[in-house]
Amino acid sequence: MIRMTVAALAFCSAAPILAETHTVSAGEGAQERLQEALILAEPGDEVVLEAGRYTLTDGLSLDVDGVTLRGAGMDASILDFTDQAGSGEGLLVTSDNVTLRDFAVENAKGDGIKSKGADQIVYHALRVEWTNGPDASNGAYGIYPVEASNILVQDSYVRGASDAGIYVGQSENIVVRRNRVVENVAGIEIENSNHAEVTENLATKNTGGILVFDLPGLPKVGGGDVLVARNAVIDNNTDNFAPEGNIVASVPAGTGVMVMANTRVQVLENALVNNSTSHVMLIAYSQPYDDDRYQPRPVQVELRDNIYGSGGNAPDFAGGDMIAAAMGGSLPPVLTDGLHQNLGRNDQVPILTLGLTKVGQPFAEAQPSLLRPAPITSTWTNDPVVLPEEMEARLK
Amino acid sequence: MKKSLLIFVAAAAALAGSITVNATVIDEPAVNDAAILEGMPRTLSEFRFFTDGMIHHPNYQVTGYELNTPLYSDGADKLRFVYLPEGTVLMGEGGGLLKFPVGSAIIKTFAFGEGEDRRLIETRVLLHRTTGWVALPYRWNEDQTDAKLALAGARIPMTRPDGEEISYRIPNKNQCKTCHSKDGEVIPIGPKARNLPSEWLAQMVDTGHLSAVPSGSDVLPHWTDREGAETADLARAYLDVNCAHCHQPGGGASNSGLDLRWEQYDQTKLGIRKPPVAAGRGAGGHAVSIAPGDPDASILVYRMSSTEAGVAMPELGRSTNDPDGIAVVRKWIEEMPAS
């Protein structure tokens with residue numbers, strides 16, 4: 001049963017003075033008890049998941065503003081969707097000012113946790129995992145906020161997503177920090193979004209570590225102002241296991257950081273080690289599209305103060321091995337299709353260009369060469385992403 | 001308020017399968033307006049939408065209706081009703097949703113079987129309150145005497161009249177909103193003038209329940225009588241009714257960029273040669289939502305033809321495939337010029 005106890009004063013000023021705590025335990029009827037708690041919670045309330053494994057047959061959802069869903073730890077309170085029979089995700093959040101923390105979502109049939117139009121959402125210390133590891137039949141996204149403003153994803157762990165471990169789409173004002181993303185197709189993907197900071201994450205054993213993409217034809221296009229800084233992007237060489245048809249299915253294994261389209265992307269102070277195709281890849285969107293708003297090239301990208309380890313030794317694209325052989329066995333740490341504009345090259349490392357001159361030109365027409373050395377270009381600083389103070393305060 | 005009237009109590013007839021009709025004069029209580037306007041009644045009977053449970057005879061203030069093209073719900077029969085508070089009327093606006101006054105309600109009961117074999121499974125109510133629409137699901141009891149609020153929904157293993165074993169899902173309150181939502185607000189989906197028969201609308205005008213028959217009404221083809229209808233009309237109507245509540249701007253799947261509304265003519269937005277965005281394994285290895293001329297290479301058909309969570313579309317509301325809907329959409333795609 002749901003126990004109701006009166007909790008301490010709520011910190012959030014928007015919440016009622018007396019918030020309630022609804023404690024739910026695992027076991028018989030967990031699906032209905034937990035779902036009912038999520039429906040009956042009032043703004044400011046906390047729904048607490050006691051330690052245990054919750055066997056769930058259908059997706060859960062939360063549609064009340066200002067609710068915290070808190071477990072006893074990412075290895076203690078486990079929402080197990082192995083037997084899920086319905087819904088497109090494990091947990092769906094559609095309300096604002098929600099905090100999700102300290103629990104796990106395992107083996108969701110679709111996405112792990114999705115929040116849509118949910119502003120000021122905090123994902124903290126969560127584990128979203130497909131426990132069988134890389135598999136095309138796993139769900140697409142682990143942590144999946146979309147169409148929202150003010151998003152914080154931190155201290156979480158995602159493994160096994162057949163698209164992106166942490167995917168932020170069509171959103172604004174985003175912080176993704178101190179997460180571990182392991183054995184996903186894309187570790188972290190920021191897509192069609194603006195003002196994002198991806199910092200201090202560990203992305204390892206994915207197909208691609210960190211992707212910054214902008215795609216045409218979506219309600220929100222024109223992504224940019226993205227900072228990718230102080231991440232460890234290591235050993236992202238897992239064979240691409242994304243189902244065909246998805247954009248990430250085209251990401252070569254061995255990709256560290258990949259920027260597709262977007263305007264103003266800074267890649268700073270990252271440790272890029274043993275990514276066997278390329279540590280940093282800049283490419284234009286190459287498919288046909290019909291969208292006047294869309295700009296397909298990576299424009300104004302800056303590479304500064306990154307540490308480049310070994311890599312580029314097993315490029316995973318057609319002809320890559322021949323280029324590598326011609327360059328002494330491995331590709332240079334940075335690769336561009338040649339369609340970038342205003343590349344800020346402050347890292348003095350060789351850059352391979354495929355020498356394409358037109359957007360959409362087939363790779364078969366590539367004219368690979370090294371970019372001519374260029375002087376250090378002027379740097380700029382993106383405005384820092386500032387989240388509302390109360391979001392950080394919720395975690396104190 | 002009460003109203004005296006003559007009703008035909010047919011319960012015995014339906015139970016026994018014979019025609020023994022008793023004419024009775026009773027005082028029939030009015031619909032419970034207070035229950036519509038606030039709270040979450042624990043039982044369906046508290047609303048007094050029906051004069052009895054099993055027979056589902058509507059209260060004298062409640063009117064039944066049908067849609068030209070209905071949403072597929074595992075083959076369940078759907079009994080639809082509207083309630084309008086005394087002295088209020090529906091307003092029409094083109095082919096779109098009828099405008100319901102505050103205090104009105106839309107009631108939909110899901111049932112399987114016919115005659116004495118009919119079993120009521122659940123009743124979903126949409127209540128129009130001063131704060132907006134509220135959606136609540138009710139699950140019928142074994143005795144079929146009343147339905148109980150099922151906030152968290154339910155999953156019911158059952159055998160359909162055709163013998164198929166299915167796992168029927170009653171949506172939870174939030175899942176009601178997943179479909180019944182635009183820009184974060186709960187809204188009705190079904191009663192759009194374009195999908196309502198002219199005769200019914202005219203009758204509603206005659207009885208003083210509707211201001212006028214809206215222009216643009218009764219445009220969607222009649223699904224039960226679809227021989228001879230244009231394939232494109234049938235397919236577009238089917239997609240409008242079954243998919244567009246999410247797949248439209250402001251809907252639950254707006255981020256996909258796929259817009260399957262009847263009034264959408266932009267080829268890409270309709271999915272023609274449109275690559276997937278967040279489909280994951282739902283793409284089934286296909287590159288586009290609709291590949292003209294090639295239904296087998298179209299994500300749309302792939303997802304309509306699956307019952308697996310994470311792949312199946314719609315995500316909610318069905319645990320079986322709809323062969324008729326799939327056939328119509330396949331034919332439509334097949335007939336599209338490939339070049």
Side-chain angles (χ1 to χ4, degrees), chain A residues 29 31-40 57-64 81 84-89 92 94-95 108-111 114 116-117 136-141 144 146-147 161-163 167 169-170 191-192 215 217-220 242-247 249 287-291, chain B residues 40 150-155 167 169-178 181 183-184 186 246 249-250 252-259 266-269 273-289 297 299 302 307-319:
Chain A
Q31 176 85 43
E32 284 73 25
R33 287 183 287 113
L34 174 51
Q35 183 58 67
E36 199 159 296
L38 294 173
I39 287 171
L40 295 174
T57 58
D58 283 276
L60 298 166
S61 54
L62 173 60
D63 189 42
V64 182
F81 289 94
Q84 188 180 0
S87 305
E89 56 281 306
L92 173 66
T94 47
S95 47
K109 293 296 187 220
D111 303 309
K114 177 178 178 181
K116 181 167 184 294
S137 68
N138 292 350
Y141 301 136
Y144 175 17
V146 66
E147 289 189 334
S162 70
D163 197 305
Y167 171 97
Q170 302 182 58
E191 190 168 272
N192 292 54
L215 303 177
L218 302 186
K220 177 175 166 62
E244 287 297 313
N246 294 282
I247 188 80
Q287 303 301 307
Y289 64 89
D290 177 16
D291 187 341
Chain B
M40 286 196 269
L151 275 186
R155 186 164 280 284
S167 172
R169 173 74 188 164
I170 297 176
N172 68 49
K173 179 174 180 282
N174 288 351
Q175 290 174 325
C176 295
K177 185 178 169 184
T178 304
S181 140
D183 299 322
V186 175
C246 284
S254 56
N255 56 302
S256 66
L258 188 65
D259 182 357
D266 183 293
Q267 302 279 293
T268 306
K269 286 179 179 163
R273 300 190 183 88
K274 178 187 176 302
V277 180
R281 68 198 176 98
H286 306 307
V288 292
S289 298
I299 296 170
Y302 176 74
T307 56
E308 201 186 336
V311 176
M313 284 284 162
E315 286 179 346
L316 302 175
R318 71 172 180 92
S319 60

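First the proteins, then the strands, lettered A, B, ... as listed; each starts at 1.
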Side chain, backbone, both or neither: which part of A:Glu191 has a heavy atom under 4.5 Å from chain B?
side chain

Where does B:Ser254 contact chain A at under 4.5 Å (heavy atoms): side chain, backbone, both or neither?
both

Heavy-atom nearest pair, B:Val277 first then A:Tyr167, reads CG1-OH, 4.3 Å

The interface call for A:Ala85 against chain B, heavy-atom contacts under 4.5 Å, is both

Do A:Gln287 and B:Pro275 have side chains that get closer than 4.5 Å, going by heavy atoms?
no

Where on A:Tyr289 is there a heavy atom nearer than 4.5 Å to chain B: the side chain, the backbone, both, or neither?
neither

Counting only heavy atoms closer than 4.5 Å, note whether A:Asn138 contacts chain B via side chain, backbone, both or neither.
backbone

B:Leu151, part contacting chain A, at a heavy-atom distance under 4.5 Å
both

Rounded to the nearest 0.5 Å, what separation is found between the CZ atom of B:Arg281 and the CG atom of A:Asp163?
12.5 Å

Honestly, the part of A:Phe81 sitting under 4.5 Å from a heavy atom of chain B is neither

Restricting to non-hydrogen atoms, name the atom on B:Asn255 and the atom on A:Pro219 that form the minimum distance, rounded to 0.1 Å.
O-CD, 4.0 Å

To check you understand the geometry: which heavy-atom pair defines the closest contact between B:Gln175 and A:Ser61, and what is its length?
N-OG, 4.5 Å

Which heavy atom of B:Ala152 sits nearest a heavy atom of A:Glu32, and at what distance?
CB-O, 3.4 Å

B:Asn174 versus A:Gln35: any side-chain heavy-atom pair under 4.5 Å?
yes

Check whether A:Leu62 gets within reach of chain B through its side chain, its backbone, both or neither, counting any heavy atom under 4.5 Å.
backbone

Honestly, the part of B:Lys269 sitting under 4.5 Å from a heavy atom of chain A is neither

For B:Arg155, salt bridge (charged side-chain N to carboxylate O under 4.0 Å, His left out) partners two or more places apart:
A:Asp58

Please report the C-alpha distance between A:Asp63 and B:Lys173 in whole Å, then the side-chain angles of each, then the deciding distance to 0.1 Å, and finally whether the side-chain contact (heavy atoms from CB on, under 4.5 Å) criterion is met.
CA-CA 10 Å; A:Asp63 189 42; B:Lys173 179 174 180 282; over 6 Å; no

B:Met313, part contacting chain A, at a heavy-atom distance under 4.5 Å:
neither

Side chain / backbone / both / neither for B:Ala278 at chain A, heavy atoms under 4.5 Å:
both

Among A:Ala140, A:Gly110, A:Pro243, A:Gly217, which residue forms the greatest number of heavy-atom pairs with chain B at distances under 4.5 Å?
A:Pro243

Answer yes or no: are there more than 12 heavy-atom neighbours, outside A:Asp290 itself, under 6.0 Å from its atom CG?
no

So, taking the atom named OG in B:Ser256 and the one named CD in A:Gln170, what distance separates them when rounded to the nearest 0.5 Å?
8.5 Å

Quick check: do A:Ile39 and B:Met40 have side-chain heavy atoms less than 4.5 Å from each other?
no

Please classify the contact between A:Thr94 and chain B as side chain, backbone, both or neither, with a heavy-atom cut-off of under 4.5 Å.
neither

Please identify each residue that fulfils side-chain hydrogen bond (donor to acceptor under 3.5 Å, both in side chains) with A:Ser162, with sequence neighbours left out.
none

Which atoms of B:Ala253 are under 4.5 Å from chain A, going by heavy atoms: the side chain, the backbone, both sets, or neither?
backbone

Could you measure the distance from the OG atom of B:Ser181 to the NZ atom of A:Lys116? Nearest 0.5 Å is fine.
7.0 Å

Could you state the interatomic distance from NE2 (B:His286) to CG (A:Asn246), rounded to the nearest 0.5 Å?
11.5 Å

What residue, out of B:Pro171, B:Ala150, B:Gly310, has the most heavy-atom pairs lying under 4.5 Å from chain A?
B:Gly310

